[in-house]
Q: 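Before we start, here is the structure in question, set down as structure tokens.
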Amino acid sequence: MTEEKRESLNFIESIIEEDLKAGKHSGRILTRFPPEPNGYLHIGHAKAICINFETAKKYGGSTNLRFDDTNPTTEDTEYVESIQRDIRWLGFDWNGSPLYASDYFDTLYDYACRLIQTGLAYVDDSSPEEIASMKGTPSEPGVHSPFKSRTPEENLDLFERMKQGEFPDGTRVVRANVDMSSPNMLLRDPIIYRIKKEHHHRTGDQWCIYPMYDFAHGQSDSIEGITHSLCSLEFIHHRPLYDWFIEKLGIFPSRQIEFARMNVEYMITSKRKLLKLVNDGFVSGWDDPRMPTISGMRRRGYPAAAIRNFCDKAGVAKRENTIEINLLEACVREELNVIALRAMVVLEPVRLVITNYPEGQTEWLQAENNPEDPEAGTRQIPFGRELWIEREDFMEVAPPKFFRMTLDADVRLKHAYIVHCTGVDYAADGSVETIYATYYNNSRSGEDVSGIKPKGTLHWVSREHAQSCEIRLYDRLFTCPDPAADEETDFLTFYNPDSLKVVTGVMMEPSLQHSSPGTQYQFLRQGYFCTDPQSTTECKVFNQTVGLKESFSKEVRKG
RNA sequence: UGACCCAUGGUGUAAUUGGCAACACAGCAGAUUUUGGUUCUGUUAUUCUAGGUUCGAGUCCUAGUGGGUCAACCA
């Protein structure tokens, strides 16, 4: 008998399971992801995507992709493409073709007519300022518009003429007749249609009136038969309106459920701020590897599975939350550790000469591509008398816990031999120029009979075979975890000028020369990297995805 | 000074619905290691406050405190 541990459910799953138990919608589950095509998807969208797609999948349901394109002023087809690409890359697929709120403009127009006919909506000629002032404040009720009492016939006629383009933008709106004294501001006769003589990315010039969010979103859900409409907490005040329209129209009762959006340290998701970073040149574009956009994270080398796993581990609830960035990085490392190919690359090269190794000799050594995955196979790497090693891996006199190369001590060269450091030459400026060592010829990796057990192992590259490449090291984009916390302070104050460090003249092992963009590596003892699309045949470019966990540098910091 | 939402280790999320507060990440200590990685072991630390109901409250009730949200012809 297996003692089955009851799986814990998040609050959305609990609601769904209750619905299922009650036989609601005959057990059918349909969710939706409703982006507005006016920007690139970011980590916050990734969270919403995961919740909507994974929750549906878990209960045998599926998910619609619907573009919420009711505002032609800001929307564009360009975003329709990028959004689909990002969702697919994340590993999700929607039902059939993408849907559009604009597909329902005819239906929505009819719905509005129905409300007008039953006295539940009216045309208001007031100016935007007048409407705002009549709305009242959260603590005082609003007052009725002088146009609220028009007859259905008059309203219908006016609405039709709005549709025909008789009136200029902003001169008239249609408002739902709800309750001007409601404590919920959204119920104070919300605007449901406005005049906008603008070209729509899909309907062209067919319409000059467009429905507002509140008159499009819920109805679109209903038209599609969405059972659970999962959105973020900020829409909670819209729910009474969402339900009101469904009730008054007598249409399919989709249910809106709100969850707290996910915030992540050092990441901002404000469209306006992201745009500013791009436009003002703080980053190279929407897909700059420092950006919290899906395209940025993809270029950075974050695996889609890691992002999905991260969203899952962050959980779902209704309280404000800020997830530590190290959880994201832990998920990225966890995934990459298993799939990334290992390779050796020397960032700050210094020359190492093995004085007792025959001049002109090259030895090809076997190296595993991934110790976590034998199936990844092995490759041959060249070894010779002269090598490059990392400058910071040498200290002539070293502190007790320095397990690297130091004078008169042994150290292992990964996949190769144990060497004994015998000397060092300094340049005129005092920097290390050449390090000298001897090797133990019976200590070759895999057939070591030397009996020597050095504490440290270094990565290296054969000087004769090394090729030069460029590496881009990334740090947090901001110097504080929540750059948008204080509205008084410009978030750019916290821009981290050291968030990108370009290192050129990096020495890489020759196997890397055929690497194609997007390939993920672990450069031994350095971290995870990913080949950038800007690589050329002459010069490869690698983006640092995330560093390795490092306990040594922590000890150094402690002093 | 209206309404609504929320409050559990450093962070986030659980707690079989009123029955020994747990899991992950982070931290710390150790073991293993031809990556100071990985893996493994151990460990620190939690129910906003005050009342009430109850044999028993993180959970239910009341009041308070704190945080968030709402007054775009944006979504």
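Residue numbers start from 1 in every chain, and the chains themselves are labelled A, B, ... in the order their sequence lines are given, proteins ahead of strands.
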Q: Counting only side-chain N and O atoms of Lys455(A), is one of them less than 4.0 Å from OP1 or OP2 of rU34(B)?
A: no
Q: For Lys453(A) and rU33(B), is the shortest distance between a side-chain N/O and OP1 or OP2 below 4.0 Å?
A: no
Q: Can a side chain N or O of Arg194(A) be found less than 4.0 Å away from OP1 or OP2 on rA75(B)?
A: yes
Q: When the C1' atoms of rA14(B) and rC40(B) are considered, how many whole Å apart are they?
A: 25 Å
Q: Below 3.5 Å, does any donor atom in the side chain of Arg342(A) face an acceptor in the base of rU35(B), or the other way round?
A: yes
Q: Are more than 12 heavy atoms, taken from residues, nucleotides or ligands other than Lys455(A), located less than 6.0 Å from that residue's NZ atom?
A: no
Q: Between rU35(B) and Arg525(A), counting only base atoms on the nucleotide and side-chain atoms on the residue, is there a donor-acceptor pair under 3.5 Å?
A: no
Q: Nearest-Å distance, CG (Asn321(A)) to C1' (rG67(B))?
A: 13 Å
Q: Under 6.0 Å between ring centres, would you say that holds for Tyr213(A) and His217(A)?
A: yes
Q: Between Glu390(A) and Arg525(A), does any side-chain N to carboxylate O distance fall below 4.0 Å?
A: no
Q: Give a yes or no answer on whether the side chain of Asn52(A) reaches the backbone of Ala48(A) with a donor-acceptor pair at less than 3.5 Å.
A: yes
Q: Pick the nucleotide of RNA chain B nearest each of Tyr213(A) and Ala330(A); which residue has the one closer to the 5' end?
A: Ala330(A)
Q: In whole angstrom, give the distance that lies between atom CD1 of Ile195(A) and atom C1' of rA72(B).
A: 17 Å
Q: To the nearest angstrom, how far is Arg239(A) atom CZ from rA3(B) atom C1'?
A: 14 Å
Q: Among rC5(B), rU13(B), rU34(B), which is the nearest nucleotide to the side chain of Arg412(A)?
A: rU34(B)
Q: Please determine, for the side chain of Thr137(A), which listed nucleotide (rA71(B), rU35(B), rG37(B)) has the closest atom?
A: rA71(B)
Q: Return the nearest nucleotide to the side chain of Ala317(A); candidates are rC74(B), rA14(B), rU35(B).
A: rA14(B)
Q: Report the distance from atom CD of Glu320(A) to atom C1' of rC5(B), rounded to the nearest whole Å.
A: 10 Å
Q: Classify the side chain of Glu324(A) and the base of rG10(B) as holding, or not holding, a donor-acceptor pair under 3.5 Å.
A: yes
Q: Examine Phe529(A) together with Phe542(A) and report whether their ring centres are nearer than 6.0 Å.
A: no
Q: rA75(B), rG10(B), rA14(B): which one has an atom nearest the side-chain heavy atoms of Ser8(A)?
A: rA14(B)
Q: Mark yes or no for a side-chain to base donor-acceptor pair under 3.5 Å between Gln526(A) and rU35(B), with no hydrogen or angle criteria applied.
A: no
Q: Considering only side-chain heavy atoms of Lys549(A), which listed nucleotide, rA26(B), rA71(B), rA75(B), is closest?
A: rA26(B)
Q: Nearest to the side chain of Asn10(A) - rG37(B), rA14(B), rC5(B)?
A: rA14(B)
Q: Do Arg66(A) and Tyr104(A) have side chains that get closer than 4.5 Å, going by heavy atoms?
A: yes
Q: Rounded to whole angstrom units, what separation is found between the CD1 atom of Ile51(A) and the C1' atom of rU13(B)?
A: 13 Å
Q: As a test of reading the structure: which of rA71(B), rA24(B), rG36(B) is closest to the side chain of Leu327(A), going by heavy atoms?
A: rA24(B)
Q: Report the nucleotide, chosen from rU35(B), rC4(B), rU13(B), that has the shortest atom-to-atom distance to any side-chain atom of His237(A).
A: rC4(B)
Q: For the side chain of Arg404(A) and the base of rG36(B), is some donor closer than 3.5 Å to an acceptor across the two?
A: yes
Q: Indicate, yes or no, whether a donor-acceptor pair under 3.5 Å links the base of rU1(B) to the side chain of Ser139(A).
A: no
